[in-house]
**Q** 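Handing you a structure now.
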Amino acid sequence: ETGVTQTPRHLVMGMTNKKSLKCEQHLGHNAMYWYKQSAKKPLELMFVYNFKEQTENNSVPSRFSPECPNSSHLFLHLHTLQPEDSALYLCASSRGGLYNEQFFGPGTRLTVL
Amino acid sequence: EDQVTQSPEALRLQEGESSSLNCSYTVSGLRGLFWYRQDPGKGPEFLFTLYSAGEEKEKERLKATLTKKESFLHITAPKPEDSATYLCAVQAGRDDKIIFGKGTRLHILP
(Lines give C-alpha, C1' and ligand atoms only; values in the text may rest on other atoms or scores of the structure.)
Protein backbone atom coordinates (compact mmCIF):
# COMPACT_ATOMS: atom_id res chain seq x y z
CA GLU A 1 0.00 0.00 0.00
CA THR A 2 1.15 3.50 -0.74
CA GLY A 3 0.00 6.96 0.25
CA VAL A 4 -2.93 7.34 2.62
CA THR A 5 -5.49 4.56 2.92
CA GLN A 6 -8.87 4.65 4.61
CA THR A 7 -11.25 1.86 5.58
CA PRO A 8 -14.05 1.27 5.16
CA ARG A 9 -14.77 3.22 1.98
CA HIS A 10 -18.50 3.18 2.65
CA LEU A 11 -20.37 2.83 5.93
CA VAL A 12 -24.06 2.83 6.77
CA MET A 13 -24.96 2.93 10.43
CA GLY A 14 -27.93 3.50 12.65
CA MET A 15 -28.00 6.25 15.24
CA THR A 16 -27.41 3.80 18.08
CA ASN A 17 -24.48 1.97 16.49
CA LYS A 18 -20.81 2.27 17.35
CA LYS A 19 -18.32 2.09 14.52
CA SER A 20 -14.76 3.17 13.78
CA LEU A 21 -13.04 4.66 10.76
CA LYS A 22 -9.42 3.80 10.14
CA CYS A 23 -6.70 5.75 8.40
CA GLU A 24 -3.14 4.64 7.68
CA GLN A 25 -0.37 6.61 6.05
CA HIS A 26 2.67 5.00 4.46
CA LEU A 27 4.56 8.24 3.84
CA GLY A 28 6.54 8.64 7.04
CA HIS A 29 4.65 11.82 7.93
CA ASN A 30 4.31 13.13 11.47
CA ALA A 31 0.98 14.96 11.29
CA MET A 32 -2.45 13.47 10.62
CA TYR A 33 -5.83 15.12 10.20
CA TRP A 34 -9.54 14.29 10.11
CA TYR A 35 -11.81 16.38 7.89
CA LYS A 36 -15.55 16.31 7.24
CA GLN A 37 -16.79 17.09 3.72
CA SER A 38 -20.50 17.75 3.27
CA ALA A 39 -22.28 18.71 0.08
CA LYS A 40 -22.27 22.43 -0.63
CA LYS A 41 -19.97 23.11 2.34
CA PRO A 42 -16.24 23.68 2.61
CA LEU A 43 -13.98 21.02 4.03
CA GLU A 44 -14.17 21.22 7.82
CA LEU A 45 -11.10 20.39 9.86
CA MET A 46 -12.07 18.21 12.82
CA PHE A 47 -8.91 16.99 14.54
CA VAL A 48 -5.16 17.36 14.18
CA TYR A 49 -2.48 15.09 15.58
CA ASN A 50 1.21 15.91 15.49
CA PHE A 51 3.63 13.18 16.60
CA LYS A 52 0.64 11.31 18.12
CA GLU A 53 -0.41 14.28 20.25
CA GLN A 54 -3.72 15.97 19.58
CA THR A 55 -3.03 19.59 18.81
CA GLU A 56 -6.42 20.70 17.59
CA ASN A 57 -10.05 19.88 18.21
CA ASN A 58 -12.34 22.22 16.32
CA SER A 59 -15.35 22.08 18.65
CA VAL A 60 -16.31 18.66 17.38
CA PRO A 61 -19.19 16.95 19.24
CA SER A 62 -18.11 14.24 21.67
CA ARG A 63 -19.91 11.58 19.62
CA PHE A 64 -16.75 11.73 17.46
CA SER A 65 -13.72 10.40 19.32
CA PRO A 66 -10.29 10.34 17.64
CA GLU A 67 -7.43 8.04 18.50
CA CYS A 68 -3.85 8.17 17.25
CA PRO A 69 -1.82 5.22 18.57
CA ASN A 70 1.23 6.10 16.44
CA SER A 71 2.24 8.50 13.68
CA SER A 72 1.04 6.11 10.97
CA HIS A 73 -2.44 5.29 12.21
CA LEU A 74 -5.48 7.40 12.98
CA PHE A 75 -8.93 6.28 14.03
CA LEU A 76 -12.26 8.05 14.35
CA HIS A 77 -14.62 6.31 16.73
CA LEU A 78 -18.29 7.03 16.13
CA HIS A 79 -21.22 6.55 18.51
CA THR A 80 -24.81 7.77 18.68
CA LEU A 81 -24.45 9.80 15.50
CA GLN A 82 -27.14 11.96 13.98
CA PRO A 83 -28.37 11.93 10.35
CA GLU A 84 -26.66 15.31 9.81
CA ASP A 85 -23.34 13.59 10.45
CA SER A 86 -23.69 11.85 7.09
CA ALA A 87 -20.78 13.05 4.99
CA LEU A 88 -17.45 12.10 3.43
CA TYR A 89 -14.79 11.79 6.13
CA LEU A 90 -11.30 12.43 4.85
CA CYS A 91 -8.01 11.64 6.48
CA ALA A 92 -4.82 13.48 5.54
CA SER A 93 -1.18 13.51 6.56
CA SER A 94 1.70 15.92 6.18
CA ARG A 95 5.40 16.14 6.88
CA GLY A 96 7.16 18.83 8.84
CA GLY A 97 5.17 21.81 10.04
CA LEU A 98 1.44 21.56 10.44
CA TYR A 99 -0.65 22.14 7.32
CA ASN A 100 2.24 21.70 4.96
CA GLU A 101 1.32 20.00 1.70
CA GLN A 102 -1.29 17.48 2.82
CA PHE A 103 -1.82 14.07 1.30
CA PHE A 104 -5.42 12.93 1.48
CA GLY A 105 -6.93 9.48 1.57
CA PRO A 106 -9.93 8.56 -0.59
CA GLY A 107 -12.37 9.10 2.26
CA THR A 108 -15.11 7.11 3.97
CA ARG A 109 -18.63 7.87 2.77
CA LEU A 110 -20.75 7.69 5.94
CA THR A 111 -24.52 7.47 5.95
CA VAL A 112 -26.38 7.68 9.27
CA LEU A 113 -29.92 6.39 9.17
CA GLU B 1 -14.32 36.59 10.70
CA ASP B 2 -11.78 34.75 8.57
CA GLN B 3 -13.25 33.77 5.21
CA VAL B 4 -12.24 32.09 1.97
CA THR B 5 -14.49 32.57 -1.04
CA GLN B 6 -14.06 30.83 -4.36
CA SER B 7 -15.63 31.90 -7.63
CA PRO B 8 -17.24 30.88 -9.80
CA GLU B 9 -18.98 27.92 -8.13
CA ALA B 10 -18.98 26.09 -11.45
CA LEU B 11 -17.36 26.69 -14.81
CA ARG B 12 -17.84 24.97 -18.15
CA LEU B 13 -15.20 25.53 -20.83
CA GLN B 14 -14.50 24.16 -24.24
CA GLU B 15 -11.28 22.24 -24.64
CA GLY B 16 -8.52 24.77 -25.31
CA GLU B 17 -10.46 27.70 -23.82
CA SER B 18 -8.25 29.30 -21.18
CA SER B 19 -9.73 30.81 -18.01
CA SER B 20 -9.05 31.62 -14.36
CA LEU B 21 -10.49 30.54 -11.04
CA ASN B 22 -10.54 32.97 -8.15
CA CYS B 23 -9.94 32.52 -4.44
CA SER B 24 -10.40 35.62 -2.32
CA TYR B 25 -9.64 35.66 1.37
CA THR B 26 -10.09 37.87 4.39
CA VAL B 27 -7.79 36.59 7.10
CA SER B 28 -5.30 38.07 9.47
CA GLY B 29 -1.74 36.88 9.22
CA LEU B 30 -1.67 34.71 6.11
CA ARG B 31 0.85 31.90 6.51
CA GLY B 32 0.16 30.10 3.25
CA LEU B 33 -2.40 29.55 0.51
CA PHE B 34 -2.96 26.09 -0.94
CA TRP B 35 -4.60 24.82 -4.12
CA TYR B 36 -5.93 21.28 -4.34
CA ARG B 37 -7.69 19.33 -7.06
CA GLN B 38 -10.44 16.85 -6.16
CA ASP B 39 -11.85 14.26 -8.54
CA PRO B 40 -15.23 12.63 -7.82
CA GLY B 41 -14.97 9.86 -5.24
CA LYS B 42 -11.41 10.78 -4.31
CA GLY B 43 -9.62 12.87 -1.74
CA PRO B 44 -8.07 16.22 -2.67
CA GLU B 45 -4.71 16.16 -4.43
CA PHE B 46 -2.16 18.86 -3.61
CA LEU B 47 -1.25 21.27 -6.42
CA PHE B 48 0.50 24.37 -5.06
CA THR B 49 1.45 26.35 -1.98
CA LEU B 50 1.95 30.12 -2.19
CA TYR B 51 3.41 32.06 0.70
CA SER B 52 3.69 35.72 -0.25
CA ALA B 53 2.12 38.29 -2.54
CA GLY B 54 3.69 38.25 -5.97
CA GLU B 55 4.58 34.58 -5.84
CA GLU B 56 3.69 32.39 -8.82
CA LYS B 57 3.90 28.65 -9.40
CA GLU B 58 3.28 26.55 -12.47
CA LYS B 59 2.55 22.94 -13.21
CA GLU B 60 1.71 21.81 -16.73
CA ARG B 61 -1.36 23.83 -17.81
CA LEU B 62 -1.90 25.37 -14.36
CA LYS B 63 -0.44 28.54 -12.94
CA ALA B 64 -1.22 29.91 -9.50
CA THR B 65 -0.68 33.52 -8.45
CA LEU B 66 -1.11 35.35 -5.17
CA THR B 67 -1.88 38.93 -4.16
CA LYS B 68 -2.61 40.35 -0.72
CA LYS B 69 -6.32 39.65 -1.10
CA GLU B 70 -6.74 36.85 -3.59
CA SER B 71 -5.24 34.05 -5.58
CA PHE B 72 -5.91 32.99 -9.14
CA LEU B 73 -5.56 29.58 -10.69
CA HIS B 74 -5.02 30.11 -14.40
CA ILE B 75 -5.77 27.21 -16.70
CA THR B 76 -4.22 27.45 -20.14
CA ALA B 77 -5.61 25.42 -23.06
CA PRO B 78 -7.40 22.97 -20.74
CA LYS B 79 -8.12 19.39 -21.65
CA PRO B 80 -11.07 17.21 -20.56
CA GLU B 81 -8.85 15.50 -17.97
CA ASP B 82 -8.54 18.86 -16.17
CA SER B 83 -12.20 18.52 -15.19
CA ALA B 84 -12.38 18.40 -11.39
CA THR B 85 -13.25 20.49 -8.37
CA TYR B 86 -10.47 22.91 -7.45
CA LEU B 87 -10.17 23.78 -3.77
CA CYS B 88 -8.42 26.73 -2.21
CA ALA B 89 -7.33 26.81 1.43
CA VAL B 90 -5.53 29.35 3.59
CA GLN B 91 -3.50 28.92 6.72
CA ALA B 92 -3.65 32.00 8.89
CA GLY B 93 -3.87 33.54 12.30
CA ARG B 94 -1.96 33.08 15.52
CA ASP B 95 -3.21 29.51 15.78
CA ASP B 96 -2.41 28.67 12.13
CA LYS B 97 -5.99 27.69 11.39
CA ILE B 98 -6.63 26.20 7.98
CA ILE B 99 -9.80 27.32 6.18
CA PHE B 100 -11.05 25.82 2.93
CA GLY B 101 -13.23 27.45 0.31
CA LYS B 102 -16.23 25.63 -1.15
CA GLY B 103 -14.40 24.95 -4.40
CA THR B 104 -14.96 25.56 -8.10
CA ARG B 105 -16.33 22.69 -10.19
CA LEU B 106 -14.58 22.83 -13.55
CA HIS B 107 -15.91 20.93 -16.54
CA ILE B 108 -13.93 20.88 -19.79
CA LEU B 109 -15.96 19.85 -22.82
CA PRO B 110 -14.16 17.93 -25.62
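Predicted, not measured: the structure shown is a model, and the values here were computed from it.
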**Q** Looking at every non-hydrogen atom in both residues, tell me the closest pair between B/G101 and A/P42 and how far apart they are.
**A**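 That would be O-CB, 3.7 Å.
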
**Q** So, using salt bridge (Lys or Arg N to Asp or Glu O under 4.0 Å) as the criterion, who are the partners of B/R31 when residues are at least two apart?
**A**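 If we apply the salt bridge (Lys or Arg N to Asp or Glu O under 4.0 Å) test to B/R31, skipping adjacent residues, the hits are B/D96.
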
**Q** Pick whichever of A/R109, A/K40, A/Q37 has the most heavy-atom pairs under 4.5 Å with chain B.
**A**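 Sorted descending by pairs with chain B, the first entry is A/Q37.
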
**Q** For B/I99, is it the side chain, the backbone, both or neither that has a heavy atom under 4.5 Å from a heavy atom of chain A?
**A**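 For B/I99, there is no contact with chain A at all, as no heavy atom is under 4.5 Å.
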
**Q** What part of B/Q6 lies closer than 4.5 angstrom to a heavy atom of chain A: side chain, backbone, both or neither?
**A**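 For B/Q6, no heavy atom lies under 4.5 Å from chain A.
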
**Q** Residues two or more places apart in sequence or in another chain: which of them pass salt bridge (Lys or Arg N to Asp or Glu O under 4.0 Å) with B/R61?
**A**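 B/R61 satisfies salt bridge (Lys or Arg N to Asp or Glu O under 4.0 Å) with B/D82 only.
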
**Q** Determine which residues belonging to residues 69-90 of chain A lie within contact range of chain B, meaning some heavy atom pair is under 4.5 Å apart, and list them by number or answer 'none'.
**A**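 The stretch touches chain B at A/L88, A/L90.
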
**Q** Are B/V90 and B/Y36 in one and the same hydrophobic cluster, where Ile, Leu, Val, Met, Phe, Trp and Tyr link if side-chain heavy atoms are under 4.5 Å apart?
**A**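 No; tracing contacts between hydrophobic side chains, which count when under 4.5 Å, never links both residues.
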
**Q** What part of A/R9 is in contact with chain B, defined as an atom under 4.5 angstrom from a non-hydrogen atom: side chain, backbone, both or neither?
**A**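 For A/R9, the contact with chain B is made by the side chain alone.
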
**Q** Residues in salt bridge (Lys or Arg N to Asp or Glu O under 4.0 Å) with B/E9, at least two apart?
**A**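 None.
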
**Q** Same cluster or not: are B/W35 and B/F46 linked, directly or through other Ile, Leu, Val, Met, Phe, Trp or Tyr residues, by side-chain heavy atoms under 4.5 angstrom apart?
**A**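 Different hydrophobic clusters.
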
**Q** Looking at B/K57, I'd like to know if its NZ atom is crowded, meaning that more than 12 non-hydrogen atoms belonging to other residues, nucleotides or ligands lie closer than 6.0 Å.
**A**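 Yes - once you tally the heavy atoms of other residues, nucleotides and ligands closer than 6.0 Å, there are more than 12.
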
**Q** Answer with yes or no whether the hydrophobic clustering places B/L66 together with B/V27; edges join I, L, V, M, F, W, Y residues whose side-chain heavy atoms lie under 4.5 Å apart.
**A**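 They do share one cluster, since a chain of ILVMFWY contacts under 4.5 Å joins B/L66 to B/V27.
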
**Q** What distance separates B/E45 CD from A/E101 CD, expressed to the nearest 0.5 Å?
**A**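 Taking CD in B/E45 and CD in A/E101, the distance rounds to 10.0 Å.
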
**Q** With rounding to the nearest 0.5 angstrom, report the CZ to OH distance, B/F100 to A/Y35.
**A**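 One finds 4.5 Å between CZ of B/F100 and OH of A/Y35.
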
**Q** Can you get from A/Y33 to A/L27 by hopping between Ile, Leu, Val, Met, Phe, Trp and Tyr side chains that sit under 4.5 Å apart?
**A**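 Shared cluster, no.
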
**Q** Of the non-hydrogen atoms in B/K102 and A/K41, which two are nearest, and what is the gap between them?
**A**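 Nearest pair, atom of B/K102 first, then A/K41: CG-C, 4.3 Å.
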
**Q** Would you say B/L73 and B/L11 are hydrophobically clustered, going by side-chain heavy atoms of ILVMFWY under 4.5 Å?
**A**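 Yes, B/L73 connects to B/L11 through the hydrophobic network.
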
